Amino acid sequence: MRTHRFKMTLLAATSGLVLVAPAHAAEPAPPAAATSEPNEIDSVVITLGVRGSQRTVADSPAPIDVISGKQLAETGRADLKEALAQLLPSFTYSTVTGVAHNTIFRPLTNRGLGGAYTLVLVNGKRRHNSAMLSSSPQDNSGANPVDLDLIAISAVDHIEVLKDGAAAQYGSDAIAGVINVVLKKSASGGGAYASLGRLYASDGAVGKVGIDHGFALGDNGGFAHLSLDARSQQRATWNNRATGTLYFPLPSGAPDPREATWDHVGQLNGNPKLNAANVVLNAELPLGGVTAYTQATASVRQAAMYNFLRRPNTVNDIPELFPNGFFPILNIDQTDYQAVIGGRGTVAGWDYDLSTAYSRDRVKGSSDLTLNPSLGPTGPTRFDKLYVNRFTQWTNNIDLTRAVDLGLHAPVQVSFGAEHRFEEYEIEAGERAATANGGYRFTSGPLAGQYASIGAQAVTTAAPEDAGKVNRDSVAAYVETSLDVSDKLFVAAAGRAEHYDDSAGDTLSGKLTARYDVTSAFALRGTISNGFRAPSLPQLIYSQTDNRVQAASDGTPVTTKVKVARVNSPLALALGSEPLKPEKSVNYSLGFTFAQGPLTLTVDAYQIAIKDRITKTSSLYGPAVSALLVSQGFDGNQWAQYYTNAIDTRTRGLDVVADYRQSLADMGSVRWTLGFAWNKTRITDIASNPPELASLGANPGGNLVRFSRSAQGYLTDTFPKTKLALGADWTRGPFGVTLRTTRYGKVATIADLPVGDRWFGAKWITDLALSADLTPKLKLTVGAENLLDVRPSPNAIPDSAGSALYGSAPFSPQGGFYYSRLSYSF
């Protein structure tokens, strides 16, 4: 096949895109290997897109990007998700301007679609999902995507990103594409690094350390490669000043003297305090005709997030406990592991790979500083257990492939396989005191006779009725064939059948791929496919209550209690809930590649149409909703939501990637890179408002629209439609300079009432890094991310709570960050 006629070399690009430049060599491509030079990897390691043959970026029939482990490791403050978003134009890593779980489990989007639409593999094996679900304005689908931050960056050799629908090849969740994390596999040597950075604003310090080392196993090329990363992040805040009063007036009517000393900080919005550690093992051992392998990861993460101030002059505080109010703290404790064992070899001419993988992610919520006001002055101010979420996955795979000579221009590559997957999601209730209604009524002061608020403040809680467990089995079989019809034309086809033992049922997915080499440098390529995504288990079972700040119809923050009702619960059914259906997609992609000399260019246009997308409803509230809540035994002073198949969408986009290496003679060399992504999501259909909501009758001042204008805006305007990344990487001997600037297009927060709409303009973010090899093994890097300290546009709606200073942003609102990094190879 033509991909074996020459050898290609990939050089690390400063934009994060590793592209190809041909080298004059005619020998067969060597097997995949670990990185041989600090900024160079062999292009033939690319295995995504078509099974059975190793390909290069420019030679791939589908759009693929590759980034090296070196690039990932040298980002100043980034975890893996943020690094991917910095280095790949098709990815966006949204900053949550608040204090919810998604300040930790932040959403990552690919081609304008949430994390649940991109399948993640590690060494070609499915990575398990998180126990936490997406629940932010940027992605409130309730799905539980893979948390890439639980993979040690020091373990990564490189990452392959297939930017194309691949459900027929690799299974559901691959609607927007596939990320394949390829781990280091050297049998000797390794490296260590330490990095320390701080915001220009003198807070939010981040420290990172990492080490990896390879060891030989046996005498036949076996290896074990161990990696460890640890990260510590200090809290950083940025807020508007709060208005209003903190204390009740004195009996005389005069202001309380303590008002003069209040600093008017109403919210500790920003980055949480966080400590995390990840360990990775990657090992192989040839045993006769079989190569046994294993990969294992283990992670721990702890974080503390501060919330809006609960003032002592409201029903949300007990002055005897917190006379000056309090900032509730939500703590997260997470443990995660995955283990894969398998073997591969050849039997009867077929290359086979048999594996099994078991994994679990556990997240526990607690609070050091909150209270349930309804329990009165004797209630606790700490809750050790607010909820526990667990996700368990067991996956078994067998894959076979071989080239079959049918007397055609080239052998036909035939691949087929099967997969069994067991998944389980569990919600464990927190301690009863966090959700109980103690019935406390204020006995004195301006609030005398009023009932105190019910439930732990500003934290997510799971009451006994929220607890539950759901599991399912799925089985799938696939077949894939590919053929070089001629020296110029390549075609491939794939089909996949899946069966779920729950309401998701059965599905068939298919994909057709073609590539035509017009010349030796220029080629056309295109794909068409359909996909399927079964409802995530959390979408089927999730139920919780929290006291939080929610946007009112005009966009202003309102402190309220919100109940997310399980989709099949009596409350959700009374509000018009229906059984969840699978999401179905159709993908088209058409593009070209150009590779000649030092220049490589790829351009790909695409369309992704998704039917029956699952999302959380808008908040349903008002007198009619309150009456329904009370009739079902719930607190009437809250809003309600549930998950539903609300909409059909169509996303259209364009990806452009260019790479050029220029020699400057005695001045070294520079690699110029460009990455551009444009995409736009349009809602093509909205499910009708259910009759159950209309039957509730008059609801003055409330909302009974299941998918409102603001909910639509989250899908169409929260992410930038354009992203442009320009980079230059200059090297001369032991010295290097990397300069990267990225333009993010404008974004918006849409309210139910147009008066509350907020638009935030496009911004340029510039990063600079200077490096020097102090010795052949020791390297020093100093740099600045967001060198010019650019901030998002300020929040345009004033409010009394002291809400987020900045609006929604696809980059960190904390401004400039400087860092140093010392690395040692051995």
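Computed from a predicted structure; not experimentally measured.
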Can you name the residues that form a side chain to side chain donor-acceptor pair (under 3.5 Å) with [X], not counting sequence neighbours?
| X | value |
| --- | --- |
| S154 | D229 |
| R301 | D147, Q334 |
| T297 | R127 |
| S823 | none |

*Any ion pair linking D517 and R515 (charged N to carboxylate O, less than 4.0 Å)?*
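Looking at R515 and D517, the cut-off is met.
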*Are K185 and D157 ion-paired here, with the side-chain N under 4.0 Å from a carboxylate O?*
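D157 and K185: not salt-bridged.
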For [X], give me all partners under salt bridge (charged side-chain N to carboxylate O under 4.0 Å, His left out), at least two apart in sequence or on another chain.
| X | result |
| --- | --- |
| E428 | K385, R390 |
| D173 | R126 |
| D502 | R472 |
| K125 | D353 |

Write down the atom of [X], the atom of [Y], and the distance for their closest heavy-atom approach.
| X | Y | result |
| --- | --- | --- |
| W350 | V414 | CZ3-O, 3.7 Å |
| Y478 | A418 | CE2-N, 4.3 Å |
| L162 | Y170 | CD2-CE1, 4.2 Å |

*Residues S90, D655; criterion side chain to side chain donor-acceptor pair (under 3.5 Å); working and verdict*: CA-CA 7 Å; S90 61; D655 290 334; 4.9 Å; no
_Please check if the number of heavy atoms outside D219 that lie under 6.0 Å from its CG is greater than 12._
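It does not: D219 CG has 12 such atoms or fewer within range.
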*asked:* Checking side chain to side chain donor-acceptor pair (under 3.5 Å) between H128 and each of Q393, E423, Q338, R360, which is the one that passes?
replied: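 Answer to the side chain to side chain donor-acceptor pair (under 3.5 Å) test with H128 among Q393, E423, Q338, R360: Q338.
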Name all residues meeting the ring-ring contact (aromatic ring centres under 6.0 Å, His included) criterion together with [X]; count only those two or more places apart in sequence or in a different chain, and write none if there are none.
| X | answer |
| --- | --- |
| Y500 | F532 |
| H420 | W394 |
| Y588 | none |

Check whether any side-chain heavy atom of [X] lies under 4.5 Å from a side-chain heavy atom of [Y], and answer yes or no.
| X | Y | value |
| --- | --- | --- |
| F91 | V161 | yes |
| T118 | R111 | no |
| N144 | L537 | no |

*Residue pair R421 / T395, side-chain donor-acceptor N/O under 3.5 Å*: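 The criterion, which ignores hydrogens and geometry beyond distance, is not satisfied for T395 and R421.
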Determine all donor-acceptor pairs shorter than 3.5 Å in which one atom belongs to a side chain in residues 277-285; sequence neighbours excluded.
residue	atom	partner	partner atom	Å
N278	OD1	S299	OG	2.8
N278	ND2	D149	O	3.1
N282	OD1	N123	ND2	3.1
N282	ND2	K184	O	2.9
E284	OE1	R344	NH2	3.0
E284	OE2	R344	NH2	2.5

*asked:* Would you compute the distance between atom OG of S355 and atom CG of D399 and round it to the nearest 0.5 angstrom?
replied: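 Reported value, rounded in 0.5 Å steps: 7.0 Å.
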*CD of E498 to CG of L508: how many Å apart, nearest 0.5 Å?*
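E498 CD to L508 CG: 9.5 Å, rounded to 0.5 Å.
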